[in-house]
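Take a look at the structure set out below.
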Amino acid sequence: MPQITLPDGTRKPFAHDVTVGEIAAAIGPGLAKAALAGRVDGQLVDLSYRVAADAAVSIVTDKDPVGLEVIRHSTAHLLANAVQELFPDAQVTIGPVIEDGFYYDFAYKRPFSTDDLAAIEKRMTEIAEKDLPVRRRLMDRDEAVRHFEGLGEHYKAEIIASIPSAEPISLYGQGGWEDLCRGPHVPSTGRLKAFKLTKVAGAYWRGDSRNEMLQRIYGTAWATPAQLKEYLTRLEEAEKRDHRRIGKELDLFHLQEEAPGAVFWHPKGWTLFQSLISYMRERQTAAGYVEINTPEIMDRELWVQSGHVEKFGENMFMTKTPDERVFAIKPMNCPGHVQVFNQGLRSYRELPLRFAEFGKVHRYEPSGALHGLMRVRAFTQDDAHIFCTTEQITAESVKVTELILGIYRDFGFTDVRIKFSDRPAKRVGSDEIWDKAESALRHAAAAAGIETSLNPGEGAFYGPKLEFVLRDAIGRDWQCGTLQVDLNLPARLGAHFVGEDGQKHTPVMLHRAMFGSLERFTGILLEHHAGRLPVWLAPVHAVVMGITDRQEKYCTEVAENLKNQGLRVELDLRNEKVGFKIREHTLKRVPYLLVAGDREVEGRSLAVRTRSGKDLGVIELGELGTWLAEEVASRGRIVLEDRVSQRRSA
């Protein structure tokens with residue numbers, strides 16, 4: 001007679017074994033109708049799962065984030081079912097849930113086309129409308145291998161053969177179709193009402209380029225059609241904001257096959273990139289950091305000593321020189337910063353010591369994972385390492401947090417979420433050291449007054465971290481900044497200082513990044529602002545143009561005048577109609593378009609338009625230069641348009 005404890009503490013007795021679905025029905029018909037799965041003593045299970053002993057049970061609906069994962073997982077199965085009905089020779093491989101959707105990889109004799117996707121989606125809808133019950137059954141591993149080999153599903157048989165023999169194999173299916181899966185799944189296909197296939201791409205079996213190329217079909221699934229529509233609208237907007245498209249339109253950068261995962265910066269793009277570095281350099285100097293620079297290539301043994309080769313080696317580039325020495329191109333800056341710290345005898349009076357570097361790092365990423373500026377192999381980190389005592393961890397962490405959040409506000413990001421990432425499976429150091437590091441970081445987060453959500457197992461291999469996640473203009477989340485407490489690496493690399501007691505002590509090392517990768521942050525900025533960067537960041541602040549060639553001399557003088565005030569100004573003296581030039585520079589997202597005709601020359605003024613098409617009227621040259629320089633220097637806190645409005649209302 002199991003006693004079921006519900007989330008509110010209520011206990012419900014049952015006279016016999018009971019399924020999770022029956023528990024939902026006993027609570028109420030509305031919950032039974034909404035139920036997708038359940039949790040029994042914390043374990044996620046199907047509604048058909050039988051509870052035979054006392055247990056804590058909660059019902060999962062589409063209001064629960066896990067419920068959405070169940071919907072997406074089940075929709076991936078629905079996709080595989082539809083594909084094999086339409087293309088019986090297709091073999092299934094894997095079909096996981098990913099952010100905002102799912103994918104499924106298939107082995108098939110030819111690539112799937114756009115027309116194929118439409119047909120597959122139609123068949124998925126037909127299967128869903130039949131409201132077929134989803135069933136689960138168990139099978140011994142070896143029996144399951146033989147079962148799938150008999151079906152010609154060689155990839156699936158290979159997956160099952162890699163599972164320990166004592167582990168039972170669960171199969172899920174609907175109608176006459178079945179697949180390997182741990183579950184859980186929705187109780188019937190009729191619960192899948194809002195899905196869309198989005199694209200098809202190639203993918204290597206098991207992610208290895210030496211293996212066969214498979215066909216990966218991506219899709220998205222939501223709890224309601226309204227949520228699906230909202231997501232698809234967001235997807236359309238994201239496509240318009242794609243930083244690769246904007247980069248080409250604004251002539252900022254390009255990538256090419258000869259240097260996969262590395263960026264070719266064009267003059268305007270490099271201006272933007274250097275503006276980010278100049279800004280960071282100014283903020284860091286004010287916050288008490290000193291800038292250093294460390295070698296990009298160092299002996300492999302240093303990376304063995306630091307633990308990088310063991311825990312991160314598959315992502316490192318190595319090279320052997322003619323004298324048989326093996327070097328690594330640095331994937332991170334931290335070991336180099338410890339080497340700088342280790343030069344000379346350090347005293348506790350020097351701490352905290354804050355080293356910063358705009359260091360170029362290289363990390364191997366599979367070709368299929370590379371994506372514009374967002375996922376590269378060569379990138380610049382705005383890296384810093386703070387060497388401090390245990391007693392200084394909290395105060396330094398609070399300062400770092402305040403600095404990071406203030407910087408994000410300057411770039412227009414006010415919606416920031418912070419995750420606490422604890423120890424990963426692959427790590428260095430004892431559990432005792434990790435306990436201390438995690439406790440110190442939790443205490444620092446509390447002292448900073450920030451709320452965090454747990455991101456289990458996602459810490460760095462040397463220490464726990466806070467991850468700063470930005471939400472952009474269309475609701476997407478981007479993980480950028482980090483703060484990590486490291487009690488491992490300084491000791492591994494022999495760092496120490498002389499304490500007040502005259503004894504040697506190992507410093508704590510705080511790893512800190514604001515943007516993370518400057519390349520990636522540039523891509524995020526371009527997409528967040530849809531290429532309409534804040535004036536102070538824009539590669540070109542303004543373009544000066546005349547209506548006829550009679551204004552050429554004056555326009556040249558204006559451009560020089562504004563450049564001398566530190567503004568980035570271009571001169572357009574082409575023999576084109578002024579309307580054509582205005583349209584062209586508007587498409588290039590230049591913040592201000594400054595037009596001179598005969599009257600403006602006579603009055604030593606300019607007609608000013610914004611990239612949004614707003615006419616700010618005629619402004620005297622001296623006043624305009626002052627206001628533009630003021631907007632750039634204030635990083636948008638004082639805006640030219642506001643100055644014009646104030647003058648008009650005065």
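Shown here for Arg471 and Phe413, the closest heavy-atom pair between the two residues is O-CD2, 4.1 Å. Thr389 and Phe497 make their closest contact through CG2-CZ, 3.8 Å (heavy atoms, listed as atom of the first residue, atom of the second, distance). Between Val535 and Arg611, the closest heavy-atom pair is N-NH2, 4.5 Å. Nearest heavy atom pair, residue Ile393 against residue Ala440, reads CD1-CB, 4.0 Å. Heavy-atom minimum distance, Cys334 versus His308: SG-NE2, 4.1 Å. Across all their heavy atoms, Thr285 and Arg281 have their closest contact at OG1-O, 2.8 Å.
Salt bridge annotation for Arg583-Glu576: absent, with no cationic side-chain nitrogen under 4.0 angstrom from a carboxylate oxygen. Salt bridge annotation for Glu630-Arg643: present, with a cationic side-chain nitrogen under 4.0 angstrom from a carboxylate oxygen. Ion pairing of Lys588 with Glu570 is absent here, as no side-chain N (NZ or NE/NH1/NH2) approaches a carboxylate O to less than 4.0 Å. Between Arg589 and Glu249, at least one side-chain nitrogen of the basic residue sits less than 4.0 Å from a carboxylate oxygen of the acidic one, meeting the salt-bridge criterion. Between Glu357 and Lys330 a salt bridge is recorded (basic side-chain N to carboxylate O distance below 4.0 Å).
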### Task
Output, in order, the C-alpha distance, side-chain angles, deciding distance and verdict of side chain to side chain donor-acceptor pair (under 3.5 Å) for Gln551 and Thr548.
CA-CA 6 Å; Gln551 295 89 38; Thr548 69; 3.2 Å; yes
#### Entry: Check against ring pair (Phe, Tyr, Trp, His ring centres under 6.0 Å), Phe411 and Phe521
CA-CA 10 Å; Phe411 288 97; Phe521 192 75; 5.3 Å; yes
### Query
Do His254 and Phe264 pass the ring pair (Phe, Tyr, Trp, His ring centres under 6.0 Å) test, and can you show the C-alpha distance, the side-chain angles, and the key distance before you say yes or no?
CA-CA 5 Å; His254 82 274; Phe264 291 82; 4.6 Å; yes
### Query
Under the ring pair (Phe, Tyr, Trp, His ring centres under 6.0 Å) criterion, do Phe327 and Trp303 qualify, and how do the steps go?
CA-CA 9 Å; Phe327 290 86; Trp303 303 98; over 10 Å; no
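The aromatic rings of His362 and Phe317 lie perpendicular to each other, with more than 60° between the two planes, well past the 30° mark.
No more than 12 heavy-atom neighbours from other residues, nucleotides or ligands sit within 6.0 angstrom of CD on Glu602. Within 6.0 Å of CD on Glu291 lie more than 12 heavy atoms contributed by other residues, nucleotides or ligands. Lys311 NZ: more than 12 foreign heavy atoms inside a 6.0 Å radius. Annotation: Glu99, atom CD; neighbour count of heavy atoms from other residues, nucleotides and ligands within 6.0 Å does not exceed 12. Surrounding NZ of Lys563 are more than 12 heavy atoms belonging to other residues, nucleotides or ligands, all under 6.0 Å away.
Glu519 places no side-chain N or O within donor-acceptor distance of the main-chain N or O of Val376, the cut-off being under 3.5 Å. For Gln479 (side chain) and Gly481 (main-chain N/O), a donor-acceptor pair under 3.5 Å exists by modelled atom type. The backbone N or O of Gly516 lies less than 3.5 Å from a partner atom in the side chain of Asp382, making a donor-acceptor pair. Remark: side-chain polar atoms of Glu600 are paired, donor with acceptor, to backbone N or O of Gly597 under 3.5 angstrom. In this structure, the side chain of His243 engages the main chain of Leu373 through a donor-acceptor pair within 3.5 Å.
Looking at Phe341 and Leu493, their side chains never come closer than 4.5 Å, going by heavy atoms from C-beta outward.
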Could you list the donor-acceptor pairs under 3.5 angstrom formed between side-chain atoms of residues 441-455 and any protein atom two or more places apart in sequence or on another chain?
residue	atom	partner	partner atom	Å
Asn455	ND2	Ser421	OG	3.2
Asn455	ND2	Glu467	OE1	3.4

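Partner of Glu527 under the salt bridge (Lys or Arg N to Asp or Glu O under 4.0 Å) criterion, chosen from Arg245, Arg476, Arg241, Arg532: Arg476.
Phe580 does not carry Arg574 over the face of its six-membered ring by the limits of under 6.0 Å from the centre and within 45° of the normal.
Among residues two or more places apart in sequence or in another chain, the salt bridge (charged side-chain N to carboxylate O under 4.0 Å, His left out) test is passed with Arg354 by Glu396. Listed by chain and number, the residues in a side-chain contact (heavy atoms from CB on, under 4.5 Å) with Glu365 are Ala369, Leu370, Arg375, Arg377 (sequence neighbours excluded).
Asn561 and Gln565 form a side-chain donor-acceptor contact under 3.5 Å, judged by distance and modelled atom types alone.
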